Amino acid sequence: NITADCKTVEQHHTHLEEACPGDNIGFNVKGITVKDIRRGHVVGNAKDLPPKEAESYNAQVIILNHPNKIIAGYTPVVDCHTSHIAC
């Protein structure tokens with residue numbers, strides 16, 4: 001758990017008042033260094049509405065190209081943003 005103050009939020013070098021889920025943004029924070037943040041970390045407002053872990057979610061997956069046959073017992077690997085998970 002790292003706590004810092006967010007000074008600005010930007011999207012393509014344009015200032016934003018707030019970011020919504022799914023937005024690809026950059027932000028400037030005070031009180032931490034680049035080494036404190038790692039791939040997969042989640043950022044949120046710890047005081048008003050802190051991020052929570054999802055128990056489950058539904059997704060529609062479309063396979064555009066697969067080099068082999070998909071048969072019973074096949075275990076796909078799903079990439080979702082910064083996560084890389086064998087299902």
Side-chain angles (χ1 to χ4, degrees):
N1 291 332
I2 299 171
T3 303
D5 292 323
C6 181
K7 297 301 178 186
T8 62
V9 179
E10 303 176 347
Q11 187 173 44
H12 305 292
H13 304 289
T14 302
H15 177 76
L16 295 176
E17 288 299 319
E18 68 179 11
C20 297
D23 286 350
N24 188 6
I25 56 112
F27 53 93
N28 297 310
V29 292
K30 182 179 180 181
I32 60 173
T33 67
V34 173
K35 293 180 181 179
D36 294 326
I37 301 174
R38 297 188 180 177
R39 183 180 206 173
H41 280 182
V42 174
V43 176
N45 186 336
K47 294 177 184 174
D48 295 334
L49 189 58
K52 298 178 190 174
E53 183 177 333
E55 292 182 22
S56 65
Y57 65 91
N58 294 322
Q60 179 181 10
V61 178
I62 300 170
I63 300 169
L64 299 175
N65 184 13
H66 193 280
N68 300 313
K69 290 183 179 179
I70 298 175
I71 58 173
Y74 171 73
T75 303
V77 174
V78 177
D79 291 300
C80 180
H81 296 284
T82 60
S83 297
H84 184 77
I85 303 167
C87 297

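Values below: every heavy atom of this structure, side chains too, minus hydrogens, waters and symmetry copies. This is a predicted model, so every value here is computed, not measured.
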Exercise. Considering residues at least two apart in sequence or located in another chain, which fulfil the side-chain contact (heavy atoms from CB on, under 4.5 Å) criterion with Thr8?
Worked result: Glu10, His15, Asn28
For a quick test of your reading: what N or O donor-acceptor pairs under 3.5 Å do the side chains of residues 47-54 make, sequence neighbours left out?
{"from": "Asp48", "atom 1": "OD2", "to": "Asn45", "atom 2": "ND2", "distance (Å)": "3.2"}

Problem set entry | Residues which pass ring-ring contact (aromatic ring centres under 6.0 Å, His included) with His66, listed by chain and number, not counting sequence neighbours | Tyr74
Exercise. Can you name the side-chain contact (heavy atoms from CB on, under 4.5 Å) partners of Ala19, sequence neighbours left out?
Worked result: Val9, Asp23, Ile25
Exercise. Taking only residues two or more places apart in sequence, or in another chain, which ones meet Ile2 in a side-chain contact (heavy atoms from CB on, under 4.5 Å)?
Worked result: Ile32, Asp36
